[in-house]
Structure formats: C-alpha cells, structure tokens
2 protein chains.
Amino acid sequence: MSHTLGIRQAQKQKTRQAFLDAALALLEEQSLSSLGLREVTRAVGVAPTAFYRHFRSTADLGVALVDEALGSLHPMVRTTVSTAGGSEERIARAIELIARHVDTHPAHVRFIARERHGGVQPVREAIRAQLVRFAEEVKAELAKDPEAAGWNDDDLLMLAHLYVDQMLITASLFLEALEAPAQDRERVTQVATRQLRLITVGRSHWLDQAGRAATDT
Amino acid sequence: MSHTLGIRQAQKQKTRQAFLDAALALLEEQSLSSLGLREVTRAVGVAPTAFYRHFRSTADLGVALVDEALGSLHPMVRTTVSTAGGSEERIARAIELIARHVDTHPAHVRFIARERHGGVQPVREAIRAQLVRFAEEVKAELAKDPEAAGWNDDDLLMLAHLYVDQMLITASLFLEALEAPAQDRERVTQVATRQLRLITVGRSHWLDQAGRAATDT
DNA sequence: TCATCCAGTTAACAACTGTTCTCTGGAATT
DNA sequence: AATTCCAGAGAACAGTTGTTAACTGGATGA
C-alpha cells in the first residue's frame, strides 16, 4: 500500500508533528481559542506562513489534536472493558489504566478535558464524536457480559455513557493531582474506585426496580 | 447595614454589572483566556481604561462571573436535595430544576462548563471551590436521610461528588440540546433520569457489598 | 460653599495578530 | 538532463492588543 514515503512527504509529516507537539505544549496554559497561529510557528521555529501548508486554521489543528489524543485509545478501552475477571478486579484495572495514561500523556488529557466544552465548535464536535464512539464500543462490550441479560439497548447505552463520563471525570481528577503528593493521588484512586463500584452495584440491581420505570416514555 | 447606596456607588455597580453581562455574552463563542479587555469595554460602550476601575484583569472578571453563576445556587440545591418524597419524585424534581435553570441561564451554565477545565487558573480554582461547597452541602443533606444509616463520612462525600458531577453533566447535555427539537430534549431528560436512578439503586444496595471493600485503604 | 474624591475619558506607546503575495531551492517527475 | 512541484521563507498590510499617563466633571463630605 505505501512504500516508505518519499523524503519530501516525510519531512512534511515531521514538521506537521512538530506543530502538533508545540501546540499541545502551549495549550497547557491556555485554551485553543486563544492560541495564535504565529505563537505556534514561533515555538516550532518556522515562518508564520508555513502554518498554512498544514492547517487552514488553529481550529483545524485542534481537530487534528483530538484525533491524536483519542484516536489510538479505542483498542485500549475495548480490551479493558472486555477482559474477564470479577467486577472488582475490572474496576481496579480500569482505574489503573486511567492513572497510567494520565501519567504518560498529561497534555493530551488536559487538552481533551479543556476543549470538550471549549470555545471552538469544530473541536467540540470532534471530541463529542469520539466520545460517542467510545460509548458505543463500551456498550458493545457490556452487551457480551452475562449480567446484561434482560437489558434493553437504551439502558445499555445510558450505562455506557455513564461509564465514559466517569472515566473522564477520573482522568481529570488524576490530572489535578499530578504534581501533588502521593497521598492525594491515592485518595483520588480510592474515591474513583468507590464511585465505579457504586455504579456497578446499581447495575447489578437495575432490573429489580425496572417495573417502576414502565410509565416514562 | 446599608442605606440605599449613594448615587455614585450605584452607577459604579451598574457599569460593573454591564461588564459582567457583556463578558458573559461574548463568552458564548470563545473561552475566557481569549477574551480581550478592549473587546469587553467596546461591547459595554466605555473607554478601555474604564475596565481597570472594576477589575485587575479578565481573569479577575472571570472569578466574579463564577460567583454570579454559582453563588446564588446553593439554597436551590440544598432544598432540592432535602425535600421529602420518594426517590423517584426527587429525581424528577432535580432534573426538572436543572432543565429549567439551563433554560433561564444558559450563558451562566455554558461559562461554568467551559471554564471548569479552562485555561485560566484562578477561575478554575474558584469553580472548584464552589463545587466542593456544593458537594459538602449535598453530603450534609444526604446524611439526614434515613437511608444514610451505616454510611461513613468518606462514602457519603464520594456519593455527594458523584451527584454533583452528574448534575453538571446533565446541565451540559441540556445546554447542547437547547436549540434542538423537543424530542431531543426529552431524550436527554430520559437518559439523565435513568442515570440518576441507577446511582440511586447503587446507593440503596451499597452496604450489601461493603464487606468486599474492607481490604483497600 | 469649597475642597476632595474618583468613575470614566482621551491620547499615545510598542508589540502583537492573521493573511496576502512573491520568491527560492531542493525533491519529484518526465 | 530538463522540467515541474511545493514546503517553507520573506516582506509587507491593516488592525488589534494591554497598559501608561494626564485629564475632566459631577458626586461627596467638611
């Protein structure tokens, strides 16, 4: 399909990546809507006009960053949700995964948390689309679980969204505690674990009270 | 304590409020970190330097907006959580409250959602402080409930945080559906209701599995 | 009534912004 | 070997930004 990519295209992709890296670094202390084109080119070390060879605007760059931050995360989430084991072990593994990801990719996590409700519409939309994909994937995995017997599609999807949102909240908490003492980080782990546990308890007793919900449509 | 406030101070507060209103309107399409001082004064219709009579910086203005948006909300939350009735009715009333608040104060809600993880540290901190207050108040109300018997303080607080975060998520969903057809808004109501219901189910069976959690500290 | 205060004005500053057009030199194609 | 292509450079543009200093005029308090 692709044969080693000519030296020209390779250079282009290299500077493109330099743009993404520089922007991500600059975005640790501001929002995308205040990120200047010249600011980025200055950080990369190229002329302002070089920017246009790669992106139409900073919003365009932002969308590319969304793909970089979330695009490669789908397999990870899939396997984490699907792997066997008791619910308690799965919870521990999920939170461990989040903590590790925040440690290794703090700027990416910060960017997503910040721009999810940020001031740039195309970026918000790109993030929303990715999160919907995550929810659908989680739902698909949940459906395989024997505990999902008797659940309808709507309820499975709402549970999946609950899990996804909870993962984002947890990631954001770990981010806030990144430079804090280990004690604080453990506290985050503990709270997040219990919240996930409570949701799981609710899940396992969901059908007990399904009768009550028969009136709302 | 205060006797009608001299005509001078009154005028000052009036223009100060004009600053807050103008900023809030401008922030519907951008983040605080990109909001310019001159931009605001232009919208208000005063000279740029007049800004300094009221705020040190746009970050300072942002903190004032946080107080305006969340400060007066505490009594509302308190009464909504505490009022009697079955859990099902309380859930419906809470979601109704959120939907109504988003309808009447969309810009405030958007501002909080946007700047909670935004690029301006003092504003993030101000929002965080307010949310912690909300969580503590919710916890205090939950503690009064007979269902809270046997719960320890840590678990009550983690449940309270779960509720607070869930309210923000719901508010943000209503916001996205603000200009959407009624069908979409009902869908949000339905999903939010079920998510809250699931959390409540988890809450009522929480103590059943408390033994399992005895190993983590 | 007169002196003080102070919210808002005016003018000016150096520095910065996004975007355009033209040019260049090495890679890619023929 | 000759030609085309195109990532990046360079210069210039009209506008914008935050901040300073010195001012005005009506409300305030003696």
Side-chain angles (χ1 to χ4, degrees), chain A residues 1-23 25-27 29-65 115 118-123, chain B residues 1-23 25-27 29-65 115 118-123:
Chain A
M1 195 172 174
S2 65
H3 47 89
T4 47
L5 211 58
I7 139 170
R8 196 157 163 171
Q9 298 257 338
Q11 251 303 335
K12 181 168 184 181
Q13 285 214 349
K14 200 172 164 186
T15 37
R16 187 191 134 100
Q17 188 59 47
F19 274 122
L20 293 176
D21 294 347
L26 290 167
L27 285 172
E29 291 169 341
Q30 62 182 312
S31 311
L32 183 62
S33 80
S34 66
L35 183 70
L37 171 162
R38 294 181 102 105
E39 203 179 350
V40 184
T41 58
R42 198 184 310 129
V44 173
V46 296
T49 48
F51 184 89
Y52 293 105
R53 300 287 177 196
H54 301 270
F55 310 99
R56 285 177 212 273
S57 60
T58 52
D60 197 19
L61 189 162
V63 172
L65 274 177
E115 300 305 329
V120 184
Q121 203 231 13
V123 172
Chain B
M1 195 174 176
S2 65
H3 46 90
T4 47
L5 210 60
I7 143 167
R8 197 156 163 170
Q9 298 256 336
Q11 251 304 332
K12 179 166 185 182
Q13 285 214 348
K14 201 173 164 186
T15 38
R16 187 191 134 100
Q17 188 60 46
F19 274 123
L20 293 176
D21 293 347
L26 290 166
L27 286 172
E29 291 169 342
Q30 62 182 310
S31 311
L32 182 63
S33 80
S34 65
L35 183 70
L37 170 161
R38 294 181 101 105
E39 203 178 348
V40 184
T41 58
R42 198 184 311 131
V44 172
V46 296
T49 48
F51 185 88
Y52 293 106
R53 299 287 176 199
H54 301 271
F55 309 100
R56 284 178 212 274
S57 61
T58 51
D60 198 19
L61 189 161
V63 172
L65 274 177
E115 300 305 329
V120 183
Q121 204 231 13
V123 172

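In what follows, every chain begins at residue 1, and chains take the letters A, B, ... in the order their sequences are listed. No experiment lies behind these values; they were computed from the predicted model shown.
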[X] side chain, from C-beta outward: closest of [options]:
{"X": "I7(B)", "options": "dG8(D), dA7(C), dT28(D)", "result": "dT28(D)"}
{"X": "P48(B)", "options": "dT16(D), dT28(D), dT19(D)", "result": "dT19(D)"}
{"X": "Y52(B)", "options": "dT9(C), dT20(D), dA28(C)", "result": "dT20(D)"}
{"X": "R38(A)", "options": "dG26(D), dG8(C), dA12(D)", "result": "dA12(D)"}
{"X": "R8(B)", "options": "dA27(D), dG8(C), dA21(D)", "result": "dA27(D)"}
{"X": "K12(B)", "options": "dA7(C), dG18(C), dG8(D)", "result": "dA7(C)"}
{"X": "T15(A)", "options": "dG8(D), dG18(D), dA7(C)", "result": "dG8(D)"}
{"X": "A50(B)", "options": "dT19(C), dT10(C), dG8(C)", "result": "dG8(C)"}

Donor-acceptor pair, side chain of S33(B) and main chain of V120(B), under 3.5 angstrom: no

T15(A) side-chain N/O to Q11(A) backbone N/O, donor-acceptor pair under 3.5 Å: yes

If I take atom [atom1] in residue [X] and atom [atom2] in nucleotide [N], what distance separates them, rounded to the nearest angstrom?
{"X": "F51(A)", "N": "dA9(D)", "atom1": "CZ", "atom2": "C1'", "value": "17 Å"}
{"X": "Q11(A)", "N": "dA9(D)", "atom1": "CD", "atom2": "P", "value": "11 Å"}
{"X": "L61(A)", "N": "dG18(C)", "atom1": "CG", "atom2": "P", "value": "12 Å"}
{"X": "R53(A)", "N": "dC5(D)", "atom1": "CZ", "atom2": "P", "value": "14 Å"}

Atom of A64(B), atom of L20(B) and distance for their closest heavy-atom approach: CB-CD2, 4.0 Å

First of A47(A) and L35(B) reached from the 5' end of DNA chain D, by closest nucleotide: A47(A)

Atom pair CZ/CZ of R16(A) and F55(A) - distance to nearest 0.5 Å: 4.5 Å

Interatomic spacing from CG in L32(B) to CD in Q30(A) - rounded to 0.5 Å: 12.5 Å

Sugar-phosphate only, base, or nothing, as touched by R42(A) at under 4.0 Å among non-hydrogen atoms: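 Sugar-phosphate only.
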
Over 12 non-hydrogen atoms of neighbours within 6.0 angstrom of CD in Q17(B): yes

Residues S34(B) and S34(A): side-chain donor-acceptor under 3.5 angstrom: no

Degree of bending, the helix from dT19(C)-dA12(D) to dT30(C)-dA1(D) (end axes from five pairs; round to 10°): 10°

Difference in axis direction between the ends of the helix from dT1(C)-dA30(D) to dA12(C)-dT19(D), five pairs, 10°: 10°

side-chain N/O R56(B) vs dG18(D) OP1/OP2, d < 4.0 Å: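 No, R56(B) has no side-chain N/O under 4.0 Å of OP1/OP2 on dG18(D).
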
